[in-house]
Engineer: 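Have a look at this one.
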Amino acid sequence: MISLTSKNPAQLAVDAVVVAVRPRGNAVDAVDAAWLPKELVQLLARDAARLGITGAVDEVRRLPGTGLKASTLVLTGVGDAELDGSAAGREALRRAAGAATREVAGLESVAVALPTPDASSVGAVAEGALLGAYAFSRYHSLHDAPVARVELVTDRTRDKAAGEAVARAEVVAAAVHATRDLVNTAPNDLYPAVFADEAKAAVKGVKGVKVTVLDEKALAAGGYGGLVGVGQGSARPPRLVRVAYSPAKPRATVALVGKGITFDSGGISIKPAAGMEAMKSDMAGAAAVLHTVVAAARLGLPVAVTGWLCLAENMPSGTAQRPSDVITIRGGTTVEVLNTDAEGRLVMADGLVAALEEKPDVVLDIATLTGAQVVALGHRVSAVMGTDEARDRVVAAAGESGELFWPMPLPDELRAGLKSKIADIANIGERWGGMLSAGVFLREFVGDSPWAHLDIAGPAFNEKSAHDYTPVGGTGVGVRTLLALVESYA
């Protein structure tokens, strides 16, 4: 729960109060915290270095709440960021708030007293605080529970725009948390049929949203060769789920296609055992799409948004597809399967064709598609490719939302590496430029339509330590960017 207050933070009956600090020589400055008791101000000026307090980004330190009603003062670093209402300033606030609430898990209540120069900054602080207050507790309860109550201290309590920004932040955080929950769920509990049920449950009571599920028989009858081929090696058959939000008078129509491989063993082209457990996250794109649609509906956006969840489990068995098999994607394009571990692009091809049959204004696909994305951009920066306008619009939306997406090219010369001697196209090309080659493959199925492809392979699942508002495990990456993009059409 989050609420706004304009009361003196020193007098709030909470477990902890959070303030922003930045470096100042060998000391630190508390930002916009003239209310701090004199003893704490002197401590920061005199003893910060000795206490290891630097004010660096993502640094969180606790001090006794001397002179405060709260027992604890939490210092969260913002570095040298300008907290001026700009996109960069909002992200600095978002990260600082998220780092603080993440680090004080186990406390019941916290007051977040960070700078809020405008309504958008209020929203950023609220969003960060809520994103940081997350834990996945389905299978154990050994960790501390997230902060249950956040009081956001601001002088904008009567600002309508600030109130709306906080309401939006609550919807966004709920969507990101729900996406993280799906990604973190064990694959024996989340397979295509269950994911489809989760989609139905997620939209229950949400106005204007309808879910349609195609099972394995409907997929075979409809010519969805990618989904059928990838899913045929598993005892748990594939699904294609359409989640459609239809407002009364939409100003635009946006289609979102998400990769939903609920576990990726690689199939017959099996992956190495080391690290395979992270392949439960290969459905992060579909999870992001589902909850972006739900968030758009909850916000009542005047944009029609249809999500396509391409769900399959990629397993090796006597019925699995083989290297050298030829499958037919919906619409008739034949694909020679040279590597069964390049399966995501096969199910996504089916989803893209189905989405474009409805003639949306733009189609975006999002997928944990290639290891080459991680090689190129690492674990925190996602890639985006596509037609110029759609690609640039994604980059702009990411900048507004605080997510990191980097524009990448789709070189025409890579198409030659996807030639097949017996089919229209092969599902892999040469090793070099593998991320771009996968994008070139998907481009075959969109024609001249406005389109962007988001590869989130690295950022979707954090196997290292938590940072800012990002937990270990599923991150929920992509939801904020997709939602901001939908809003740009409103």
Side-chain angles (χ1 to χ4, degrees), residues 224 226-227 240 242-244 250-260 285-286 288-289 292-293 296 303-310 329-333 335 342 344-370 372-373 382-398 403 405-415 418 424-425 427 429 433-457 477-479 481-489:
Y224 294 93
L227 281 156
L240 178 62
R242 179 180 181 271
V243 186
R251 297 174 185 171
T253 56
V254 176
L256 307 175
V257 181
K259 177 184 174 184
V289 165
T292 298
V293 177
V303 180
V305 190
T306 302
W308 300 84
L309 318 182
C310 305
I329 301 298
R330 182 170 174 85
T333 299
V335 179
R345 63 201 70 184
L346 303 178
V347 303
M348 295 295 279
D350 272 341
L352 284 167
V353 172
L356 286 167
E357 287 173 354
E358 298 184 354
K359 302 187 185 310
D361 294 316
V362 64
V363 61
L364 298 98
D365 73 76
I366 181 168
T368 48
L369 204 62
T370 66
Q373 180 276 323
S382 300
V384 57
M385 294 150 261
T387 55
D388 290 349
E389 183 181 355
R391 180 199 61 215
D392 293 347
R393 201 156 187 159
V394 170
V395 172
E403 293 188 317
F405 277 84
W406 196 255
M408 301 296 288
L410 289 173
D412 291 334
E413 59 268 24
L414 290 180
R415 177 60 178 86
L418 295 169
D424 294 326
I425 193 171
N427 77 323
M435 172 178 62
L436 310 183
S437 181
V440 170
F441 177 91
L442 292 176
R443 186 174 63 182
E444 291 287 306
F445 300 91
V446 298
D448 297 327
S449 300
W451 158 74
H453 160 56
L454 288 65
D455 193 335
I456 58 170
V477 73
V479 171
T481 292
L482 292 177
L483 186 61
L485 183 133
V486 171
E487 288 174 317
S488 74
Y489 285 92

Engineer: So, for L483 and T292, which heavy atoms are closest and what is the spacing to 0.1 Å?
Structural biologist: N-CG2, 3.9 Å
Engineer: Applying side chain to side chain contact (heavy atoms under 4.5 Å, CB included), can you list everything that pairs with R415, at least two apart in sequence or on another chain?
Structural biologist: L418, K419, I425, V440, E444
Engineer: Is any side-chain heavy atom of T306 closer than 4.5 Å to one of P360?
Structural biologist: no
Engineer: Yes or no on salt bridge (charged side-chain N to carboxylate O under 4.0 Å, His left out) for R443 and D412, after CA distance, side-chain angles and deciding distance?
Structural biologist: CA-CA 10 Å; R443 186 174 63 182; D412 291 334; 3.2 Å; yes
Engineer: Between D361 and T253 (side chain of the first, backbone of the second, donor and acceptor by atom type, cut-off under 3.5 Å), is there such a pair?
Structural biologist: yes
Engineer: Apply side-chain contact (heavy atoms from CB on, under 4.5 Å) to residues V384 and M408 and explain how you reach the verdict.
Structural biologist: CA-CA 6 Å; V384 57; M408 301 296 288; over 6 Å; no
Engineer: Could you measure the distance from the OG atom of S437 to the CD atom of E413? Nearest 0.5 Å is fine.
Structural biologist: 11.0 Å
Engineer: In terms of side-chain heavy atoms, does W308 have a donor or acceptor partner in D365 at a distance below 3.5 Å?
Structural biologist: no
Engineer: Does the side-chain contact (heavy atoms from CB on, under 4.5 Å) test come out yes or no for F441 and L346, once each step is laid out?
Structural biologist: CA-CA 9 Å; F441 177 91; L346 303 178; 4.0 Å; yes
Engineer: Short question: side chain of T481, backbone of G478 - any donor-acceptor pair under 3.5 Å?
Structural biologist: no
Engineer: Looking only at non-hydrogen atoms, find the nearest pair between P450 and A390 and report the distance.
Structural biologist: C-CB, 4.4 Å
Engineer: Donor-acceptor check, side chain of S488 to backbone of L485, threshold 3.5 angstrom: yes or no?
Structural biologist: yes
Engineer: Working to the nearest 0.5 angstrom, can you tell me the gap between Y224 OH and L240 CG?
Structural biologist: 5.5 Å
Engineer: Just so I know, are the side chains of R242 and E358 near enough to count as touching, which here means a heavy-atom distance under 4.5 Å?
Structural biologist: yes
Engineer: Would you name the heavy atoms of G351 and C310 that are closest together and state the gap between them?
Structural biologist: CA-SG, 3.7 Å
Engineer: Going by the side-chain contact (heavy atoms from CB on, under 4.5 Å) test, name the single residue among V347, I329, V363, L364 that passes it with L352.
Structural biologist: V363
Engineer: Using modelled atom types and a 3.5 Å cut-off, is there a donor and acceptor pairing between side-chain atoms of K259 and backbone atoms of G285?
Structural biologist: no
Engineer: Side-chain donor-acceptor pair under 3.5 Å between T333 and D424, yes or no?
Structural biologist: no
Engineer: Please assess I366 against L256 for the test side-chain contact (heavy atoms from CB on, under 4.5 Å), listing each intermediate value before the final yes or no.
Structural biologist: CA-CA 8 Å; I366 181 168; L256 307 175; over 6 Å; no
Engineer: What heavy-atom pair brings L369 and D455 nearest, and what distance separates the two atoms?
Structural biologist: N-OD1, 3.2 Å
Engineer: Given side chains that start at C-beta, do those of I456 and S382 come closer than 4.5 Å, heavy atoms only?
Structural biologist: yes
Engineer: Testing the basics here: between F445 and L356, what is the closest heavy-atom pair and its distance to 0.1 Å?
Structural biologist: O-CD1, 3.6 Å
Engineer: CD/E403 to CG/L454 distance, rounded to the nearest 0.5 angstrom?
Structural biologist: 9.5 Å
Engineer: Please report the closest heavy-atom contact between M435 and A383, naming both atoms and the distance.
Structural biologist: SD-CB, 3.4 Å
Engineer: Can you establish whether the number of heavy atoms outside E389 located under 6.0 Å from its atom CD is more than 12?
Structural biologist: no
